[in-house]
2 protein chains.
Amino acid sequence: MNSHTQSAASAFLKPRKTPRQARSATTVEAIFDATIQVLLADGATRLTTTRVAERAGVSVGTLYQYFPHKQSLLFAVLKRHLEAVAQAVDSACQQHVGQSIDTISDGLAGAFLDAKTAHLDASRALYLVSSEMDTADLIDEISLRVYAAVAMTLASATDARFVDISAVAFMFSAALSGIVRVVLDREVDPAMLQTLRAELPVMCRAYLATAMRRAHSESSSK
Amino acid sequence: MNSHTQSAASAFLKPRKTPRQARSATTVEAIFDATIQVLLADGATRLTTTRVAERAGVSVGTLYQYFPHKQSLLFAVLKRHLEAVAQAVDSACQQHVGQSIDTISDGLAGAFLDAKTAHLDASRALYLVSSEMDTADLIDEISLRVYAAVAMTLASATDARFVDISAVAFMFSAALSGIVRVVLDREVDPAMLQTLRAELPVMCRAYLATAMRRAHSESSSK
DNA sequence: ACCTGAACACCGTTCAAGT
DNA sequence: ACCTGAACACCGTTCAAGT
């Protein structure tokens, strides 16, 4: 299942070594925190490895003991965030398995938005640097994971059947991440966030309802 | 209308001077082309000002005569691309004013997808560097322009009325740019593109139809 | 095992000198 | 008006030396 997600680029970006002593585990944790702090305080342009090390209270050399290059550091921080979001979607999926399609739709849309807005600053900060590294494989992996969970849950709905569930799940998860990303990328206007929170579930429900209708008309015409 | 879109950051990123002679106009054009070529051939990481100048056949100093820094160069290239997309949406909007809501929906979704996929490589290349500069204002400006055109066209539909047209137009344009962005950000799998082309109009129509129904029930309950 | 920080290569940016 | 390219400051990355 994850055989082709572990490509060359992923391996290239992996941390250099895993901490085996309490001291170094603390060091890595400090570096992680420092990265987000510098990103939030000084912006993407002023995010330098020296500055991160300084803020973490270690020397640059120490940073490079755990991360082969700046990219891999940013990669690790982004990975942490995206996996938290994927985890939130997974939980919501398991929670709504076998329920009605509207309940599932509202549950997934809400869970996704909650996960993103819970760490709103981190989300926006990471969007800013996500292009400074080769994130294609990571994005693919997380997208696939979210997609699979969504497909499984939609298929379990008691009151709906879909002809092409893979296409529907693909669009559903693309809509969640895409729309949320576009809105959060802009200045965070509370009114926009409110509109998004109100309208995203509406759009999700509307799309699924149409996909269902197509399923019915197709099965009745056969 | 564009008074608050010309913020400090925008001005900061403006080109240093406008070419007044044929020779320098050619130079700027060569720099633009070289930027996209280097981006496509060498990737975002290897995009250096020296490399761009070299490829354009000029010296670095010449490049810095027209662009105060690397950011402003990337900014100008991105602006060119986004304005072409906005232009395509504008045209589609004018073309479909006063038609049915389904025709409008299909027309806008198709025009947006066409504009993005027409320069697919440039689109993806620019997504990759869009976070290396301060694009917030540019994105806001283009988003606002697309939003305004969409709102105007939706309001002109002969067979539909919306209670909160600003919310609907906001979500509609966010869906277009967000979903397309998320799909194009991933490896361009032809099957995915095909699914997107088939399902995006479906989702747009479904959302607008639901927004209309809400309009009707609200007006009939008053 | 883990940490330090001076040293090196490379990139963005400038500016005195050219046409 | 426009162009050149050596020079400078700064950042990513390394590695010999320390605990």
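What's counted below: heavy atoms across the whole structure, side chains too, no hydrogens, waters or symmetry copies. Lettering follows sequence order; numbering is per chain, from 1. These figures come from a predicted structure and were not determined experimentally.
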Measuring from the side chain of B/R51 (C-beta onward, heavy atoms only), which nucleotide among C/dC11, C/dG12, D/dC11 has the closest atom? C/dC11

Please determine if a side-chain N or O atom of A/T49 lies less than 4.0 Å away from the OP1 or OP2 oxygen of D/dT13. no

Nearest-Å distance, OH (A/Y66) to C1' (D/dG12)? 20 Å

Report the distance from atom CZ of A/R46 to atom P of D/dA9, rounded to the nearest whole Å. 21 Å

What's the CG-P distance between A/L73 and D/dC11, to the nearest Å? 16 Å

Examine distances only and state if a side-chain atom of A/R197 and a backbone atom of A/G110 form a donor-acceptor pair shorter than 3.5 Å. no

Keeping the roles fixed (side chain from A/T35, backbone from A/I31), state whether a donor-acceptor pair exists under 3.5 Å. yes

Report the nucleotide, chosen from C/dT4, D/dT13, D/dG5, that has the shortest atom-to-atom distance to any side-chain atom of A/S59. C/dT4

Closest-nucleotide mapping onto DNA chain D: is A/G61 or A/T50 further toward the 5' terminus? I mean the 5' end. A/T50

Protein-nucleotide distance (A/E54, atom CD; D/dC10, atom P), rounded to Å: 14 Å

In a table with atom names and distances, give each donor-acceptor pair under 3.5 Å that connects a side chain of residues 89-96 of chain B to protein atoms at least two apart or in another chain.
residue, atom, partner, partner atom, Å
B/D90, OD2, B/R145, NE, 3.1
B/D90, OD2, B/R145, NH2, 3.2
B/S91, OG, B/Q87, O, 3.1
B/S91, OG, B/Q87, NE2, 3.4
B/H96, ND1, B/Q99, OE1, 2.9

According to the salt bridge (Lys or Arg N to Asp or Glu O under 4.0 Å) rule, which pairs have a member within residues 25-36 of chain B, sequence neighbours left out? B/E29-B/R80

Under 4.0 Å: is that the gap between some side-chain N or O of B/Y64 and OP1 or OP2 of D/dC3? no

Using whole Å, what does the distance between atom C1' of nucleotide D/dC3 and atom CD1 of B/I31 come to? 11 Å

Starting at atom CZ of A/F67, determine the distance to atom C1' of D/dC11, rounded to an integer number of angstrom. 19 Å

Given pairs defined as Watson-Crick or G-U wobble with both distances under 3.5 Å, what dot-bracket annotation applies to DNA chain C, with ( ) intrastrand, [ ] crossing, | other strand and . unpaired? ||.|||||...|||||.||

From the candidates D/dT13, D/dC3, C/dT4, the one with an atom nearest any side-chain atom of A/T62 is C/dT4

Can you tell me how far P of D/dC15 sits from CG of A/L63, to the nearest Å? 17 Å

Are the side chain of A/S173 and the backbone of A/Y147 linked by a donor-acceptor contact shorter than 3.5 Å? no

Flag, side chain of A/R51 to backbone of A/R46, donor-acceptor distance under 3.5 Å: yes

Nucleotide nearest A/K70 (side chain, heavy atoms from C-beta), chosen from C/dC3, D/dG12, D/dC3: D/dG12

For residues B/T153 and B/F172, determine if any side-chain heavy atom of one lies less than 4.5 Å from a side-chain heavy atom of the other. no

Expressed as a whole number of angstroms, how long is the span from A/L47:CG to D/dC10:C1'? 15 Å

Phosphate OP1/OP2 of D/dC10: any A/T48 side-chain N/O under 4.0 Å: no

Taking the side chain of A/V60 as heavy atoms from C-beta outward, which of C/dG5, C/dC3, D/dT4 is closest to it? C/dG5

